[in-house]
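Counting convention: from 1, in listed order, for ligands and their atoms alike.
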Amino acid sequence: MRIKLVLLSLLFFGTAKAQLQPFDAWIQECNLDSLKQQVKNLTGVDTVLINGIKQTIGSRYMDQPGNAKAASYLKAELERFGYTTNTQSFSALGQNIIAKKTGSLYPDKAFFLTAHYDAIAVPFSLAIGADDNASGCAAVLEMARILQDKTLPYTVYFAFFDEEEQGLIGSEAYAGSFDFQGTEVQAVLNLDMIANDRNNDRVMELHARPYGNSLELAEKIQKLNDSFDIGLTIEIRNPGTTASDHSSFWDQGVTAILFIEDAQDFNPYYHTRFDSIQYFNDSFFLQNTQLALASLGWFGGQADSRLSTETALDLKVKFFPNPTQGLVYMELPQNGSISVYDAQGKHVQTETVTEGNSPLNLHAYQAGLYFVVYTTESGQSSSKRLILQP
Ligand SMILES: [Zn+2]
């Protein structure tokens, strides 16, 4: 078992008071069983309840019964999590399912979490599309589940697009009619094929192009993967592919990123009837979901967008081992100070530290969770979570 070292990176703007951001804990709430259950539900492995009736979602090809069932199911799931949904019908068969979680501070600034729910394979009646793209749908549902009881400063839209496989028809209809004047879209995180990693090298790709802040955002997400120790290897693709729904937002000049598995390790069952959950790399699937949630949490979860990631993420601080039984070695980029807080936020110790490697002795304290806040002489801070074992 691998135990995660979680970074809680913060900026303090010169104040000494620790403000611990909760969103690192969100990542721990991502649950592989719920993710996989959603894929099983969306691919017809298990039956689901839709409008009180037990049904099986089979092929999600645009004109197959499973496509409309999937739409109803996604809508019902969002409603089960407490959201009000909106269905955008853009043709006789095409419908996008959207839920909006209004921000507490910036209701007119929004993030999108998106995935297409339609699928394609020959024959059309067998298009179960587990990786493409029940995986992305499951991740968006999982984030909707986790965020249901959280207060977020920014508005978040959860969007499931139809007819992506027919040429991004659903997302183009949506982005083409969205009021970008009324709502300033900060970023679109589009998840499409996030569960295949046959060679188990944990490589995933972030696709960006110079629309909005897409390139900058991709680089920041790459850093988040390190800071939160998610364990993926991220390759940024610029110019990224236009072959998924994020491209419909690029067309509007909006910041948008595609999260997708490694093209060099391509899913051999892509667009075939064999694209099923049995070929998933479970932990890769979970890690991609965690990365998307960390991205939303970082960029959309903070009270002030001026809390740039730059400084905190560029402070390379290492503590090891973690968990520890008392003695921790710190690797610090500059002189500064270290303050230790317990899980309740109570200050337990502060000491000055010098650049390089130095030990931190926690033997005197009870086992449990601690937050170690490192502040440089110039006032930049970052914080890490430390687990002290008995
Ligand atoms: Zn797809």
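In the model, R273 has no side-chain atom that pairs as donor or acceptor with a side-chain atom of S59 under 3.5 Å.
Between F249 and F112, the two ring planes are tilted [angle within 30° to 60°]. Ring geometry for F178 against Y157 counts as perpendicular: the plane angle is over 60°, on a 0 to 90° scale with 30° as the lower cut. Using the six-membered ring where Trp is involved, Y279 and Y269 have ring planes that are parallel, under 30° apart on the 30 and 60° scheme.
Y365 OH: more than 12 foreign heavy atoms inside a 6.0 Å radius.
Counting heavy atoms from C-beta outward, D192 and D245 have side chains that stay 4.5 Å or more apart.
Listed by chain and number, the protein N, O or S atoms at a distance under 2.8 Å from the Zn ion (ligand 1) are H116 NE2, D132 OD1, D192 OD1, D192 OD2.
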